[in-house]
Amino acid sequence: MDQFTLNLLFVGASFALYIGIAVWARAGSTSEFYAAGRGVHPVTNGMATAADWMSAASFISMAGLIAFTGYDNSSFLMGWTGGYVLLALLLAPYLRKFGKFTVSEFIGDRFYSPTARLVAVICLIVASTTYVIGQMTGVGVAFGRFLEISNTSGLLIGACVVFAYAVFGGMKGVTYTQVAQYCVLIMAYTIPAVFISLQLTGTPIPALGLFSETVNSDGASSGVYLLTKLDQIVTDLGFASYTEAHKDTLNMVLFTLSLMIGTAGLPHVIMRFFTVPKVSDARWSAGWTLVFIALLYLTAPAVGAMARLNISEMMWPNGVNGEAVSVETIESDEKYNWMLTWQKTGLLDWEDKNGDGKIQYYNDKSDAMADKAAANGWEGNELTKFNRDILVLANPEIANLPGWVIGLVAAGGLAAALSTAAGLLLAISSAVSHDLLKGQLTPNMSEKAELMSARVAMAVAIGVATILGLNPPGFAAQTVALAFGLAAASIFPALMMGIFSKKVNNVGAVAGMLSGLIFTLVYIFLHKGWLFIAGTNSFPDTVDGSLFGIQSTAIGAVGAMINFAVAFGVSSVTKETPQEIKDLVESVRTPAGAGAAVDH
Amino acid sequence: MAEQSTNADARAAEDAGGYWAANIRIILISLVIWAVVSFGFGIVLRPMLSGIEVGGTDLGFWFAQQGSILVFLGLIFFYAWRMNKLDKEYGVEE
């Protein structure tokens, strides 16, 4: 059976499984749909939340970004897990006690203001739409590879599938579908990593393999640590060392903080904790969610480092001082088949610039390499294109693993991208139809019209995301990082102040959210282009060229601080919070008397 | 059932100050640890830990890529356990 059929088989089987479970455990009513987590054990709920949360950014993109940058991109690892500490300690139990379904409902009630609710909805839509753009990038890569077509066609087909998947709807709310998705996703991520870790270090646990000594082909230890070897090879090729810090500390701290705060401010994750049976369960659920996320996140840095080593060794089969791999080998040797298949997607390419029949892969921007290149007649890096987002999906092929592993990874990548994209589209459409139209503009809307507007909102959102996804502002995980910055600057501070301060009032909260969101959005657009349209940016998107010396991906943390400062400042000069709101805050702070979540 | 919850509410109001203060204290301690392992050991203080070798690199690298995640896990479970106990001590559990 050829690889194409095998991929199709795995992807098809996994989809059949999700649909089967969705039909078997169909959600009947709206409240059942939202509250699918109720009556479910915290462990099960944690697994489902983990599937919901881990998207194309975590699965497809993150390890690739770590692989090609090394230590500096540890921010993704710390940021996307550390946010759960904030969520568990500062938000989840209190929002559960409050007992409503959506984040904007809490903000509207706590700040006794329909305007605050409206602003929260806008923040939510902006952050979620940016997030979907990142997902669509990942969907394009996954579909492009597995249907063996160009990235653009993959993206367009993927958009149709995501739309159908989101309209089918019920699947999102059914906890057990997500449990199945988690299982597919985590197996797809760890099984190839275990194989590769065994090949390279003889250790079956990739997280430990990362810090182990490499083994020779006979299985005996070589006495050289994997990371030492990797550092040596990449620096020999003129690249920055893998384990050392090269980014400035301020940007790394702010970037990590942005991702953490953003994690705790993303509505589709927070929503999961509204519907657990008890306040104490909300605390445990956050912990179990992180357990299941950590299984992937502890493996990811090993996947990145090992893939980088494998790729470097493949391009230099005789060592970095020997001959580079020849074009003939790439085109004929089975081991290099993955390069040919990925070339079809347009995300990987090479060019024999100096016409010596070999493909030299090195850093042609490094001064140290210039002499060596001149001496050997190299005319620039010949591995001209290596999109970071293909690394995880290509990884099993690079390591020459069996065909079924490759099929499994394709199914896992699609599970990750589709579940999160569909979940976000649902969050956007319910924000538009439920919170914006029904809650604010046209309260007398019929249920049918509400449903229709939800569909339209979904179609518009996916249309926008697809168009922008064709020319994304960055790799999947970088685009998603921007979405986190936006959530960090707008939603999180409002929620936290709503619980931990009785002083912050309606005017303060609205002013805070607006200033945080607008500041962050404008700063991102100044560096990434207005509406992410390339070429319309006023500043280059680098640390040195940026407006305040802070990269656009790290600015969310600054936006959050502005939000806090403005909210407290404005609240101190405007009318005090009324007594009944102070009582509401008081009641949110103690678990006693928590009822089931109720809809408005 | 109704009476029970009214009692609990009354007690909650009495003890709310103490309960909330205790909660804030636990949160602060946890967040200090949270910040020290990630922003501290993982980033800012990494040069200070560079002498401690771990599998071909230094302890700061390990904290940045794995250690902090393990500590985060510990923190969340500690907080859940400690707070559920605190709820009972103050009689404010569900």
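Just so you know, these numbers use all the heavy atoms, side chains as well, and skip hydrogens, waters and symmetry mates. Each chain gets a letter, A, B and so on, in the order the sequences are listed, and its residues count up from 1.
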Q: Report yes if the distance between the aromatic ring centroids of B:Phe72 and A:Trp80 is under 6.0 Å, otherwise no.
A: no
Q) How about A:Trp284 and B:Tyr79: are their ring centroids closer than 6.0 Å? A)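 No - the distance between ring centres of A:Trp284 and B:Tyr79 does not fall below the 6.0 Å cut-off.
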Q: Decide if atom NZ of A:Lys582 counts as having more than 12 heavy atoms of other residues, nucleotides or ligands within a radius under 6.0 Å.
A: yes
(Q) Would you call the rings of A:Tyr242 and B:Phe61 parallel, tilted or perpendicular, taking 30° and 60° as the class edges? (A) tilted
Q.
Only pairs of heavy atoms separated by less than 4.5 Å count here; which of B:Val54, B:Thr57, B:Ile43 has the most with chain A?
A. B:Ile43
How close do [X] and [Y] get, counting heavy atoms only, and between which atoms?
{"X": "B:Gly56", "Y": "A:Thr228", "answer": "CA-OG1, 3.5 Å"}
{"X": "A:Ala286", "Y": "B:Ile76", "answer": "C-CG2, 4.1 Å"}
{"X": "A:Met78", "Y": "B:Ala64", "answer": "CG-O, 3.3 Å"}
{"X": "A:Pro591", "Y": "B:Tyr19", "answer": "CD-OH, 3.2 Å"}

Quick one: of [options], who has the most non-hydrogen atom pairs under 4.5 Å with chain B?
{"options": "A:Asn73, A:Leu227, A:Leu89", "result": "A:Leu89"}
{"options": "A:Ala300, A:Ala88, A:Ser280, A:Ala282", "result": "A:Ser280"}
{"options": "A:Glu213, A:Met260, A:Lys229", "result": "A:Met260"}
{"options": "A:Leu230, A:Leu90, A:Thr243", "result": "A:Thr243"}
{"options": "A:Ser212, A:Pro93, A:Ala207", "result": "A:Ala207"}

(Q) Please classify the contact between B:Ile24 and chain A as side chain, backbone, both or neither, with a heavy-atom cut-off of under 4.5 Å. (A) side chain
Under 4.5 Å heavy-atom distance to chain B, tell me which part of [X] shows up: side chain, backbone, both or neither.
{"X": "A:Phe76", "value": "neither"}
{"X": "A:Leu257", "value": "both"}
{"X": "A:Leu226", "value": "neither"}
{"X": "A:Glu244", "value": "backbone"}

Q) For B:Asp58, which residues count as a salt bridge (charged side-chain N to carboxylate O under 4.0 Å, His left out) partner, sequence neighbours excluded? A)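 Scan of B:Asp58 (salt bridge (charged side-chain N to carboxylate O under 4.0 Å, His left out), adjacent residues dropped) gives B:Arg46.
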Q) Can you name the residues of residues 31-38 of chain B that have some heavy atom under 4.5 Å away from a heavy atom in chain A? A) B:Leu31, B:Trp34, B:Ser38
Q) Counting distance only, does the side-chain N/O of B:Glu93 pair as donor-acceptor with the main-chain N or O of A:Ala592 below 3.5 Å? A)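 Looks like no, no N/O pair under 3.5 Å.
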Q: Please check if the side chain of B:Gln65 supplies one atom and the backbone of A:Leu77 the other of a donor-acceptor pair under 3.5 Å.
A: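 Checking the backbone N and O of A:Leu77 against the side chain of B:Gln65, no donor-acceptor pair under 3.5 Å is found.
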Q. Taking the side chain as C-beta and beyond, is there a heavy-atom pair between A:Arg283 and B:Phe77 under 4.5 Å?
A.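 They are not in side-chain contact.
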Q: Apply the test salt bridge (charged side-chain N to carboxylate O under 4.0 Å, His left out) to residues A:Lys278 and B:Asp87: give CA-CA distance (whole Å), side-chain angles for both, the deciding distance (0.1 Å), then the verdict.
A: CA-CA 13 Å; A:Lys278 292 194 299 185; B:Asp87 288 352; over 6 Å; no
Q) Could you go step by step and tell me if B:Asn23 and A:Arg589 meet the side chain to side chain contact (heavy atoms under 4.5 Å, CB included) rule? A) CA-CA 10 Å; B:Asn23 179 21; A:Arg589 288 177 179 181; over 6 Å; no
Q | Rounded distance (nearest 0.5 Å) linking atom CZ of A:Arg96 with atom CD of B:Glu94 | A | 7.0 Å
**Q.** Rounded distance [0.5 Å steps], CZ in B:Phe39 versus CG in A:Leu254
**A.**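 Nearest 0.5 Å value for the CZ-CG distance: 8.5 Å.
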Q: Using the test ring pair (Phe, Tyr, Trp, His ring centres under 6.0 Å), find all partners of A:Tyr189 that sit at least two apart in sequence or belong to another chain.
A: A:Phe59
(Q) Once side-chain contact (heavy atoms from CB on, under 4.5 Å) is applied, do any residues pair with A:Ser75, and if so which ones, sequence neighbours excluded? (A)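 Applying side-chain contact (heavy atoms from CB on, under 4.5 Å) to A:Ser75 gives A:Met252, A:Phe255, A:Thr256.
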Q: For ring pair (Phe, Tyr, Trp, His ring centres under 6.0 Å), just list the numbers for B:Trp20 and A:Tyr94, CA-CA rounded to whole Å, side-chain angles, deciding distance to a tenth of an Å, and then say yes or no.
A: CA-CA 12 Å; B:Trp20 189 244; A:Tyr94 314 108; 5.8 Å; yes
Q. side-chain contact (heavy atoms from CB on, under 4.5 Å) with B:Leu73: which of A:Leu298, A:Ile293, A:Val291?
A.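 Only one of A:Leu298, A:Ile293, A:Val291 forms a side-chain contact (heavy atoms from CB on, under 4.5 Å) with B:Leu73, namely A:Val291.
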